[in-house]
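Everything on this sheet refers to the single structure shown next.
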2 protein chains.
Amino acid sequence: MNPLIQQTIGRCREAGLRRTKALEELLATLLESARPMTLAELAASPRLADQCDKATVFRLLQRLIGHGIVRRLGLHERAAYFTLLLPGRHNDYLICTGCGSIEAITAPCPVHELEDEIRAKTGYRNLYHELEFFGLCPHCE
Amino acid sequence: MNPLIQQTIGRCREAGLRRTKALEELLATLLESARPMTLAELAASPRLADQCDKATVFRLLQRLIGHGIVRRLGLHERAAYFTLLLPGRHNDYLICTGCGSIEAITAPCPVHELEDEIRAKTGYRNLYHELEFFGLCPHCE
DNA sequence: GTAATTGCAAATACTTTGCCACGTA
DNA sequence: TACGTGGCAAAGTATTTGCAATTAC
């Protein structure tokens, strides 16, 4: 078995989680996937379908997030966020993981060179990016 | 009235949208907010509450997104994405706006200096970031 | 006058929880 | 044995659509 899985299971054990079939398969699935996955994708993946319920995967993910082993991507837990695109304006954001406050970062964005590089190397068109910083604000601490 | 609103309404008119009260108030709300907002926040905001239905705001946002005047933040339209956090590993992603494919970017991430700067200036703790590039992949074009 | 837009209500989609059975330590 | 974990089903929350009435052009 992949040593990274062993190692990750070890981290889970240290966190107090029990070593179950569902846990092992979930970790293996996430590890084998080179990219973030949705709950539906995970529950439907070969290793987990017929193996365990979607609710189980959901609760496993919750526990793993709580122990810093998995991360949920994106701004907010549920709702979608919309922002106005103004010509010549670009905003990155700083989000508090405690209270959820969002503020725009005015500092120059250091990503444009990498963006040019990606455009050239991959052939993607209409490239743009999103950059968000997350952390606990002084007020929440 | 804020000239930026006038200008943005102009962009909407050029896109073929009708100048309605709801459109004006939505644009003003987004413009006055320094940060991205959810559908619920928008519909409940002073300018829009009692002014128009949530479905109206939703469809306005759709049209504005279609014309590149508004952007919806995040990876996918609906579901949440989860990823394994491996010690010492950091991944940014390249997402196709056409087919939705997601691939990890291995190039060194140029954001860490800015992250240090933010940590120092704002006092946020446990800082981390997410960086995603979006574009149309060669296959979808 | 005509076609885009809106409100209301219903339908979907995704997430989250309750409760009891089960399995790990 | 005891408590974390799992399955099933129901509830909760956010998004999306149908349709008739309204409004901008």
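In this text the structure is predicted, and so the values were computed from the model without any measurement.
Residue B/R13 places at least one side-chain N or O under 4.0 Å from the OP1 or OP2 atom of D/dC25. Close to D/dG7, at under 4.0 Å from its OP1 or OP2, lies a side-chain N or O of A/T56. For D/dG6, one of the phosphate oxygens OP1 or OP2 lies less than 4.0 angstrom from a side-chain nitrogen or oxygen of A/T20. Under 4.0 angstrom from either OP1 or OP2 of D/dG7 there lies no side-chain N or O belonging to A/R59.
Looking only at distances, no side-chain donor or acceptor of B/R119 sits under 3.5 Å from a matching main-chain atom of B/G123. A donor-acceptor contact shorter than 3.5 Å links the side chain of A/T29 to the backbone of A/E25. Side-chain atoms of B/E130 come within 3.5 Å of backbone atoms of A/G74 as a donor-acceptor pair (strictly under, hydrogens ignored).
Mapping B/A80 and B/A55 onto DNA chain C via the closest heavy atom, the residue that lands nearer the 5' end is B/A55. Comparing A/G16 and B/R18 by the nucleotide of DNA chain D whose heavy atom lies nearest to each, the residue mapping closer to the 5' end is A/G16. If B/Q62 and B/L17 are placed on DNA chain D by their nearest nucleotide, the residue sitting closer to the 5' end is B/Q62.
When distances are taken from the side chain of A/L39 to each of D/dC8, C/dG7, C/dT15, the shortest belongs to C/dT15. Relative to the side chain of A/F58, the nucleotides D/dC25, C/dA25, C/dT17 differ in distance, and C/dT17 lies closest.
One interatomic measurement links the two molecules: CG of B/L48 to P of C/dG7, which rounds to 10 Å at whole-angstrom precision. A straight line from NZ of A/K54 to P of C/dT16 spans 12 Å, rounded to a whole angstrom. Separating the CG atom of B/L61 from the C1' atom of D/dA14 is a distance of 14 Å, rounded to the nearest angstrom. In this entry the distance linking CD of A/Q51 with C1' of D/dG7 reads 13 Å, nearest Å. Between the P atom of D/dG7 and the CG atom of A/L23 lies a distance of 13 Å, rounded to the nearest Å. For B/L26 and C/dT5, the CG to P distance is 13 Å, given to the nearest whole Å. Rounded to a whole Å, the CD1 atom of A/I9 is 16 Å from the C1' atom of D/dT5. Between the C1' atom of D/dT16 and the CZ atom of A/F82 lies a distance of 11 Å, rounded to the nearest Å.
Taking a cutoff of 4.0 Å between a charged side-chain nitrogen and a carboxylate oxygen, B/R47 and B/E32 qualify as a salt bridge.
Nucleic acid contact for B/A79: sugar-phosphate only, since backbone atoms but no base atoms lie under 4.0 Å from a heavy atom of the residue. No engagement by A/A40 is indicated, since no non-hydrogen atom pair under 4.0 Å with the nucleic acid exists.
Looking at A/R78, its side chain comes within 3.5 Å of the base of D/dT13 through a donor and an acceptor atom.
A tilted orientation is assigned to the rings of B/H76 and B/Y81, their planes being inclined by 30° to 60°.
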